[in-house]
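What follows is a single structure, written as structure tokens, with notes after it.
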Amino acid sequence: MNKRRYTVVLMALLAILGVISPGPANATHAEGFVSGFGDPTNDWADEGNLNSSNHHKKSIATGLWQAVLYADGYLTASDVDCDYGPRTTAVTRSWQSDHGVGVDGSAGPITMGRADDKLRIYETQSDGTTTLVYDGRARDIYFIRISPNDSSLAGAYRVPYVEDSWQWPAYYHYYIGDC
């Protein structure tokens, strides 16, 4: 097993066992999934960069960004396919221009940080798991953020999927077909 893979497996095992836990919001793509803690309006400003040329091009994290674009009316439901292709790049440029951030077509920390300004807590469960709502221009989108007390997935987001199920917005995981 190569050193990088060994490190990832070891860190995942330690997190599952509760030996280590994530600190305050510091969720880069190296963490593996979109996450956040506390005030949701600062959850995404430290996320990894999504665009059509990196290895996160096809991921559920891209699907989360496309859900934001859908909520704001830039994409249709059928455009949300977890693939950061030419359509997503073009509408990301429009979104960036309309929201006063640098226009480059990538959903990086500045763009994602502007988007998370429209997140708010909708409901909090007794275990600390939170339902968040993105107040989109065209429609609202709901996300689930796992309790900070869950040592293995603390703060991890869940995004809506087909038939009332939820997906982890991972940077390295892509489901073929509907995202």
Side-chain angles (χ1 to χ4, degrees), residues 25 27-29 31 33-52 54 56-125 128-147 153 155-171 173-175 177-179:
T28 66
H29 67 274
E31 191 172 49
F33 51 84
V34 176
S35 67
F37 299 94
D39 180 3
T41 62
N42 66 10
D43 277 1
W44 296 344
D46 57 355
E47 289 298 332
N49 200 26
L50 299 167
N51 60 50
S52 62
N54 68 24
H56 311 303
K57 176 185 183 319
K58 292 184 176 184
S59 67
I60 305 297
T62 292
L64 179 143
W65 173 244
Q66 289 175 326
V68 167
L69 295 171
Y70 168 70
D72 281 336
Y74 293 87
L75 291 176
T76 66
S78 63
D79 290 327
V80 179
D81 61 2
C82 296
D83 186 351
Y84 209 110
R87 175 92 174 118
T88 301
T89 300
V91 299
T92 297
R93 288 178 183 278
S94 296
W95 191 97
Q96 290 169 324
S97 177
D98 293 347
H99 289 83
V101 296
V103 176
D104 65 2
S106 295
I110 294 171
T111 298
M112 294 293 284
R114 181 62 53 92
D116 76 9
D117 292 346
K118 296 168 77 174
L119 284 172
R120 65 177 169 81
I121 294 174
Y122 177 76
E123 173 182 76
T124 302
Q125 306 288 327
T129 296
T130 324
T131 301
L132 303 172
V133 62
Y134 178 85
D135 290 318
R137 189 180 67 195
R139 63 196 54 84
D140 293 342
I141 295 288
Y142 293 84
F143 301 101
I144 294 173
R145 189 174 62 185
I146 303 302
S147 168
L153 296 168
Y157 270 70
R158 303 287 309 264
V159 297
Y161 189 56
V162 295
E163 299 178 17
D164 297 324
S165 65
W166 297 81
Q167 292 286 352
W168 302 104
Y171 286 94
H173 196 76
Y174 174 67
Y175 288 94
D178 293 332
C179 95

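For reference, positions follow the sequence shown, starting with 1. Just so you know, these numbers use all the heavy atoms, side chains as well, and skip hydrogens, waters and symmetry mates. These numbers come from a predicted model, not from an experiment.
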Parallel, tilted or perpendicular: ring planes of Trp44 versus Tyr134, cut at 30 and 60 degrees: parallel

Shortest non-hydrogen contact from Leu119 toward Thr41: O-CG2, 3.3 Å

message: For Ser147, is there any backbone N or O sitting under 3.5 Å from a side-chain donor or acceptor partner on Thr129?
response: yes

- request: Using the test side-chain hydrogen bond (donor to acceptor under 3.5 Å, both in side chains), find all partners of Thr92 that sit at least two apart in sequence or belong to another chain.
  value: Trp65, Tyr84

Counterpart residues, side-chain contact (heavy atoms from CB on, under 4.5 Å), relative to Thr76 (two or more places apart): Ser78, Asp79

task: Mind running side chain to side chain contact (heavy atoms under 4.5 Å, CB included) on Leu64 and Met112 for me, showing each step along the way?
output: CA-CA 10 Å; Leu64 179 143; Met112 294 293 284; 3.9 Å; yes

- prompt: Would you say the side-chain atoms of Thr88 pair up with the backbone N or O of Pro86, donor to acceptor, closer than 3.5 Å?
  reply: no

- prompt: Can you tell me if Glu47 uses its side chain to pair, donor with acceptor, with the backbone of Ser35 under 3.5 Å?
  reply: yes

- prompt: Asp117 and His99: side chain to side chain contact (heavy atoms under 4.5 Å, CB included), yes or no, with the steps?
  reply: CA-CA 11 Å; Asp117 292 346; His99 289 83; over 6 Å; no

Which atom of Asp135 lies closest to which atom of Asp140, heavy atoms considered: CA-OD1, 3.5 Å

message: If I take atom CG from residue Leu69 and atom OG from residue Ser94, how far apart are they, to the nearest 0.5 angstrom?
response: 9.5 Å

- request: Find the distance between CZ (Arg114) and CG (Asp116) and round it off to the nearest 0.5 Å.
  value: 10.0 Å

- prompt: Backbone N or O of Asp83 within a donor-acceptor pair of the Gln66 side chain at under 3.5 Å?
  reply: yes

- prompt: If every non-hydrogen atom of Ser59 is compared with every non-hydrogen atom of Leu50, which pair is closest and at what distance?
  reply: OG-CD2, 4.3 Å

message: Do Leu132 and Ile121 have side chains that approach each other closer than 4.5 Å (heavy atoms only, starting at C-beta)?
response: yes

message: For Asp43 and Tyr157, which I'm curious about, is there any donor-acceptor pair between the side chains at under 3.5 Å?
response: yes

- request: Check Val68 against Ala115 and note the closest heavy-atom contact, atom names and distance.
  value: CG1-CB, 4.2 Å

query: Should the pair Arg145 and Phe37 be classed as cation-pi, given the thresholds of under 6.0 Å to the six-membered ring centre and 45° from the axis?
result: no

query: What are the two closest heavy atoms between Gln96 and Thr111, and how far apart are they?
result: NE2-OG1, 2.8 Å

field: Closest approach of Ser106 to Asn51 (non-hydrogen atoms, all atoms of both residues)
entry: OG-CB, 3.2 Å

